[in-house]
Amino acid sequence: MAATLIDGKALAAKLKQNVRESAEALPRKPGLAVILVGDDPASRVYVTSKRKDCEECGFYSEEYALPAETTQKQLLDLVNELNGREDIDGILVQLPLPKGLDEREVLLAINPAKDVDCFHPYNVGQLTIGTPVFQPCTPGGVMEMLREYGIDPAGKRCVVLGRSNIVGKPMALLLLHAHGTVVLCHSKTPDLKELAASADILVSAVGKTGLVTAGMVKEGSVVIDVAMNRNEAGKLCGDVCFEEAAAKASYITPVPGGVGPMTRAMLMKNTLTAAKLHQGVE
Ligand code: GUN
């Protein structure tokens, strides 16, 4: 393997340690409420890890596991109640929501000052014009990784695969704000392979095992794999064919142990930011 491994797990641990130290200096513990509707097993795992992260960072946390039959009104009532709580700084509604619930309306109901996911249109707008209050967790985590390893997107060709609201779109914006030249590719992009192969920094967030082959990786490039897929053997893997990509790249993220832990650490960082905001601390 020619590439240097970007160790997201180690960097996330360092970030959470810094968050913990800042949290300890606050008059009141940061508080995070996590809402899970339905019984999606993957979401269940994410929610459990968020509870552990809160413990590690010395945060107060509450978890709401609601049945799949929860009505829109019940969910909105809970969000509104949490909006009014002084001990809750951040509210996270785990996505996707079960069929029949209006995700857009729920995200709109979250007080933007408690929107630690950075999904509310107010925060998305702030992000778009370059004055974000919160960092979107996954793309923000990727930017932290690039910074830590001395990789500056300025003047580089950055190709993002996937245009989701959670990853692809905000990723493109953050790279653009960092002065990268950004190409955002999606399922209707005809020359996706050629564009990927032209990238100095390639970020894949599609969710398709084996998508990124050696032919799509430029010699000496940086490869960031955001995906969390399971292969036929049930093993966790990303979009990137790791071994063959690592033979050409200069830096690469593993799955697991790459972007995933950074997403979680950024959520803690955002909750700290919200707590400081609510307590009038700089
Ligand atoms: N589902 C997948 N990723 C995320 C995330 O970052 N936040 C929330 N709330 N739901 C998700």
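Along the sequence shown, the residues carry numbers beginning at 1. Counting starts at 1 for both ligands and their atoms, in listed order.
Considering only non-hydrogen protein atoms, atom 1 (N) of ligand 1 sits nearest to Leu95 O, 2.9 Å. In terms of protein heavy-atom proximity, atom 11 (C) of ligand 1 is nearest to Gln94 NE2, 3.4 Å. Distance from atom 6 (O) of ligand 1 to its nearest protein heavy atom, with residue and atom name: Asp117 OD1, 3.8 Å.
Pairing each heavy atom of Ile35 with each of Leu66, the nearest pair is CG2-CD1, 4.0 Å. When every heavy atom of Leu15 is checked against every heavy atom of Ala265, the shortest pair comes out as CD2-CB, 3.5 Å.
The closest approach between Phe119 and ligand 1 falls below 4.0 Å for a heavy atom of the residue.
Although no hydrogens or angles enter the test, the distance criterion places a donor-acceptor pair under 3.5 Å between the side chain of Asp239 and the main chain of Val206. Looking only at distances, no side-chain donor or acceptor of His120 sits under 3.5 Å from a matching main-chain atom of Pro112.
When heavy-atom distances to ligand 1 are checked against a 4.0 Å cut-off, Val93 comes that close only through its backbone atoms N, CA, C and O.
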*Checking side chain to side chain donor-acceptor pair (under 3.5 Å) for the pair Asn231/Lys235: CA distance, chi angles, key distance, verdict?*
CA-CA 5 Å; Asn231 66 12; Lys235 196 169 156 264; over 6 Å; no
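For ligand 1, the atoms closer than 4.0 angstrom to any heavy atom of Leu92 are 9 (N).
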